[in-house]
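Below is one structure; the comments refer to it alone.
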Amino acid sequence: MIGRENHMDRMRTCSRQLKAVLAALDAVVDDPDRIDLALCLTSGAQELAQELNAGLDVVNLPKGEAA
């Protein structure tokens, strides 16, 4: 159970980070002078989304089944 709680905490953290990255991306996406920053933020958002997706796979495992 502790493993699931740790994964849930990590997923909550990733979710908050993803929201912040998406908000920052929204602020710079229309500025042609900040295209490099927008690309970097997009990459970061993709990584966080992948981590969240992987975390869901772990949390949704039946109890007692290892990841």
Side-chain angles (χ1 to χ4, degrees):
M1 188 63 128
I2 292 174
R4 284 178 186 257
E5 291 172 13
N6 287 340
H7 284 291
M8 291 299 294
D9 287 342
R10 181 64 192 143
M11 287 177 56
R12 279 189 281 278
T13 298
C14 282
S15 177
R16 286 190 296 271
Q17 290 171 337
L18 182 56
K19 287 177 187 176
V21 168
L22 292 174
L25 181 58
D26 188 47
V28 301
V29 73
D30 292 327
D31 186 346
D33 294 331
R34 298 175 118 185
I35 192 71
D36 289 339
L37 178 57
L39 290 173
C40 184
L41 289 168
T42 300
S43 177
Q46 287 175 329
E47 289 177 22
L48 287 166
Q50 288 171 346
E51 188 169 343
L52 277 171
N53 192 35
L56 282 173
D57 291 342
V58 171
V59 171
N60 288 328
L61 287 174
K63 288 185 179 184
E65 188 173 326

(message) How long is the straight-line distance from CZ of Arg34 back to CG of Leu41, given to the nearest 0.5 Å?
(response) 9.5 Å
(message) How close do Leu18 and Ala45 get, counting heavy atoms only, and between which atoms?
(response) CD1-O, 3.6 Å
(message) If I take atom CG from residue Leu25 and atom SG from residue Cys40, how far apart are they, to the nearest 0.5 angstrom?
(response) 10.5 Å
(message) If I take atom SG from residue Cys14 and atom CG from residue Asn53, how far apart are they, to the nearest 0.5 angstrom?
(response) 11.5 Å
(request) Locate the shortest heavy-atom distance separating Leu52 from Met11; write the atom from each residue and the value. (result) CD2-O, 3.3 Å
(message) If the condition is side-chain contact (heavy atoms from CB on, under 4.5 Å), which residues does Thr13 pass it with, not counting sequence neighbours?
(response) Arg10, Arg16, Gln17
